[in-house]
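Down below is the structure, laid out as structure tokens.
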Amino acid sequence: MMSNEGRTGTVPLLPLPPGTATRPRMPTTRTRGEVALSSIGAAIQPDRLEKLLAPWLPEPADRAFVVRCLVGEGPHHHRGSNYVLLSLLGLLLERTAITVDPHAPTAQVPMRLPPHLLEHNPEGHYPLLMPLAPLKRLAPEGSAAFLAMVDTLTDGPPQHALANAAMVAMLDVLLARMDGQP
Amino acid sequence: MNALPGGLEQSFRLAAGELGMCTASWLFARELGAAGGAAAVSQLRDELGRMFPVLHFVTSRWLEQKEPLPPAPDRVLEACAGADQLVVVGLEAMYLDALLGRLPGLRVSVLTESPFKVDWRRVLANLGSNVTGTELSSFQRLAGRRSVLLTFLYGRQGNVTHITPAWLRVMGPDVRTQFRTIIGWDVLGDRMDVYPRWLFGISTEDFTHLV
């Protein structure tokens with residue numbers, strides 16, 4: 001018989017030094033990777049992400065493609081993580097108007113094609129572009145650090161790189177709003 | 001009495017390679033039926049049906065006086081909306097011909113892989129001047145945000161469908177995320193009657209569009 005012991009409970013904390021006041025235990029939940037993959041799949045609502053990404057991807061076919069790469073391909077734990085993190089950012093975005101400047105500088109998210117084929121394939125990138133404005137807050141545009149950030153965010157399998165690009169795009173809107181920009 | 005002409009298997013292999021298994025099967029069933037009636041078609045099914053399960057399916061339907069699934073490319077065209085590149089894996093001339101005439105502005109490439117020996121130069125010439133060939137080693141040159149992959153399905157049962165081995169070579173986890181749309185076009189409309197042998201069962205969930 002399967003035991004549920006440990007799936008829900010408290011995280012044991014390190015012992016406190018003698019004489020220290022008692023530290024309250026905070027209720028928490030943990031799993032041991034025992035959640036069925038079908039449960040992860042059932043928790044994902046692709047329609048929610050399609051709606052969320054509409055300002056950046058006005059073409060329905062483009063949205064469906066990107067959302068499939070985010071939550072329909074690759075390891076299930078990445079699919080679930082992408083869904084949760086993007087949905088949470090979406091909750092923040094619901095509180096503000098979203099305007100996307102089509103002329104703002106962006107970086108492409110390349111497909112992971114073999115290099116000799118990528119050179120001959122100008123279409124070998126995803127329809128979602130990553131805005132560069134947020135990264136300028138971290139490093140001067142064009143600097144080695146800036147280019148490294150662009151590279152690390154857009155490199156990797158699409159369930160990573162596209163999720164990075166989507167999160168940066170959403171953070172771009174949120175940061176601009178916090179700065180009072182229209 | 002043997003009602004079948006000699007060398008029929010060799011002829012069928014050639015036709016299946018250059019036209020597709022379903023298209024060739026209907027051609028053979030009709031021609032043999034016209035020449036030798038139901039007895040000839042029944043004998044064709046008995047002799048080659050186990051080796052070629054699509055032929056078994058088609059000859060059974062012919063003997064039941066049924067017609068092939070009509071080539072209705074409208075739903076394929078809908079799935080291709082906004083695309084500029086179509087890569088076709090596998091051949092079914094009866095269905096592909098119906099589609100090709102209605103794809104203005106779309107580049108079409110056929111993967112030159114087949115379980116049969118095929119003269120691809122002749123096949124591509126027959127498909128028209130706007131159709132090119134592409135190989136396993138380089139077809140990802142055609143991948144992209146407006147690219148579509150299509151293959152033919154040999155029947156469906158629940159969420160399982162059968163495809164040719166070339167599709168297994170193409171449809172890796174990498175390629176799945178390099179093509180916007182992945183279409184499976186069923187040319188049988190029902191499950192095969194005999195063990196599919198060298199065809200392979202995969203999940204229909206592998207496709208973004210089922211036709």
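Hydrogens, waters and symmetry mates play no part in the numbers below; they use all other heavy atoms, side chains included. Below, chain A is the first sequence line, B the second, and so on; all start at residue 1.
For a residue to count as touching a neighbouring chain, one of its non-hydrogen atoms must lie under 4.5 Å from one of that chain's; by this rule A/Pro127 touches chain B with backbone and side chain alike.
Interface residues of residues 139-151 of chain B toward chain A, defined by a heavy-atom distance below 4.5 Å and sorted by number: B/Gln140, B/Arg141, B/Leu142, B/Ala143, B/Gly144, B/Arg145, B/Arg146. Residues of residues 184-211 of chain B having a heavy atom under 4.5 Å from any heavy atom of chain A, listed by number: B/Thr208.
Across A/Arg112, A/Met111, A/His120, A/His125, the residue that shares the most heavy-atom pairs under 4.5 angstrom with chain B is A/Met111.
For B/Glu64, the CD atom is densely surrounded, since the number of other residues' heavy atoms within 6.0 Å is greater than 12. At most 12 non-hydrogen atoms from other residues, nucleotides or ligands lie less than 6.0 angstrom from CZ of B/Arg121. Taking a 6.0 Å sphere around CD of B/Glu135, one finds it holds 12 or fewer heavy atoms contributed by other residues, nucleotides or ligands. A 6.0 Å sphere centred on CZ of B/Arg50 holds no more than 12 heavy atoms belonging to other residues, nucleotides or ligands.
Across every non-hydrogen atom of A/Leu117 and B/Ser138, the tightest pair is CD2-CA, 3.9 Å. Smallest separation of non-hydrogen atoms from B/Phe179 and A/Arg68: O-NH2, 2.6 Å.
No side-chain heavy atom of B/Gln85 sits less than 4.5 Å from a side-chain heavy atom of A/Asn121.
For the atom pair CD (B/Gln178) and CZ (A/Phe65), the distance works out to 8.0 Å, reported to the nearest 0.5 Å.
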